[in-house]
Each structure stands twice: as C-alpha cells, then as structure tokens.
Amino acid sequence: MHSLRKKAGNSSGSLRTLILALMFVAALTLLAASAVHASLLGPIDPFPGAAPPEALLGIVLATAAVAAFLSWARAWAFAVAATLLALLGTVYGLAVTVPRGEPGDIVYHVSLLAGLVVAAGLLIRRRGLVD
C-alpha cells in the first residue's frame with residue numbers, strides 16, 4: 001500500500017494531490033448541483049430530472065477519490081472508471097443544458113467538464129499514481 005505521505009515530498013505527490021482535489025471538487029459540485037436541482041436548498045433552479053444522476057455521479061466520484069486517497073486495491077481502475085463516467089454524464093448534462101439556455105448552468109457544466117478531462121487525462125497518463 002502506497003502512502004500519500006511517502007510521495008508528498010516530490011512532484012508525483014503534488015500531481016497525485018491535484019488529481020484527488022479535482023475528483024473531490026467535481027464530486028462535491030455534483031452533489032451540490034443535485035441538491036439545488038432537487039430544491040433541497042430552496043427553489044433556486046428546480047430540475048428534478050437532473051438531481052438523481054448528479055447525486056449518483058457525485059457519490060461514485062467521491063467514493064473513487066477516497067479509494068485513491070487511501071490507496072485501496074484497484075483504486076486506479078476505480079478512479080479512471082468513475083471519472084470517465086462522470087465525464088460522460090457531464091457531456092450529457094451539457095447537451096441537456098445548452099438548449100435550456102441558462103448561462104450559469106452552461107458555465108458550470110463546461111467548468112466541470114474541463115476539470116474532469118484534466119483529471120481523467122492525468123489518471124490515464126500516470127497509471128500507478130493513485131494505487
């Protein structure tokens with residue numbers, strides 16, 4: 001089992017931290033978006049159809065980030081799969097959001113997509129970094 005502390009002193013540790021941070025931030029924003037769309041925070045942007053998939057993607061991505069942080073067995077494969085799933089879900093969400101024309105939603109989805117593309121790219125290029 002690799003330790004985060006063991007890698008923290010070099011650039012690999014910084015890159016690992018960046019990947020995990022991107023995954024955690026994406027997961028948290030997906031969970032927040034789910035709460036907003038489910039009107040759990042008031043009638044900000046009700047869109048009940050988006051709430052369950054955003055919550056599911058947020059939970060899966062957060063779980064994968066924790067697995068990678070703790071260096072569980074097969075954490076890399078789980079992190080890649082979860083990130084790619086969230087990426088595909090975000091592309092779909094963007095396809096649904098663009099016709100609605102809400103600038104804030106579009107910016108959110110594009111930003112989320114950018115973070116997930118970076119995380120997925122780093123995960124794929126640096127295979128053993130989160131195992």
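All residue numbers in this chain count up from 1 along the given sequence.
Thr83 contributes no side-chain N or O that, together with a main-chain N or O of Val80, makes up a donor-acceptor pair within less than 3.5 Å. For Arg16 (side chain) and Ala68 (main-chain N/O), a donor-acceptor pair under 3.5 Å exists by modelled atom type.
Hydrophobic cluster membership differs between Val118 and Leu88, with clusters built from Ile, Leu, Val, Met, Phe, Trp and Tyr side chains linked at under 4.5 angstrom. Tyr108 and Val96 fall into different hydrophobic clusters, where Ile, Leu, Val, Met, Phe, Trp and Tyr are joined by side-chain heavy atoms under 4.5 Å apart, directly or via other members. Tracing side-chain contacts under 4.5 Å through hydrophobic residues (I, L, V, M, F, W, Y), one never reaches Leu30 starting from Leu40; they form parts of separate clusters. In the hydrophobic clustering of ILVMFWY residues, with side-chain heavy atoms under 4.5 Å counting as a link, Leu112 and Tyr92 come out apart. Transitive grouping of hydrophobic side chains (ILVMFWY, heavy atoms separated by less than 4.5 Å) brings Leu87 and Ile106 into a common cluster.
The heavy-atom pair separating Leu116 from Ala26 by the smallest distance is CD2-CB, 3.8 Å. Nearest heavy atom pair, residue Leu123 against residue Met23, reads CD1-SD, 4.2 Å. The two residues Ala86 and Leu61 make their nearest non-hydrogen contact at CB-CD2, 4.1 Å. Of all non-hydrogen atoms in Pro103 and Gly101, the two that sit nearest each other are CD-O, 3.1 Å. Shortest non-hydrogen contact noted between Ala67 and Phe78 is CB-CD2, 3.9 Å. Listed here is the closest heavy atom pair of His109 and Gly93: CD2-C, 3.6 Å.
Here the CG atom belonging to Leu122 is positioned 6.0 Å from the CG atom belonging to Leu18, to the nearest 0.5 angstrom. Considering OG1 of Thr63 and CH2 of Trp72, their distance stands at 7.5 Å, rounded to 0.5 Å.
Heavy atoms from other residues, nucleotides or ligands lying under 6.0 Å from CZ of Arg125 number 12 at most.
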Requested in this report: Let me see the working for Ile59 and Leu31 under side chain to side chain contact (heavy atoms under 4.5 Å, CB included), right down to the final yes or no.
Outcome: CA-CA 7 Å; Ile59 290 167; Leu31 292 169; 4.0 Å; yes
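Residues meeting the side-chain hydrogen bond (donor to acceptor under 3.5 Å, both in side chains) test with Ser34, sequence neighbours left out: none.
Here salt bridge (Lys or Arg N to Asp or Glu O under 4.0 Å) pairs that include residues 22-31, with residues two or more places apart or in two chains, number zero.
The closest side-chain heavy-atom distance from Asp105 to Phe47 is not below 4.5 Å. The closest side-chain heavy-atom distance from Thr90 to Leu94 is not below 4.5 Å.
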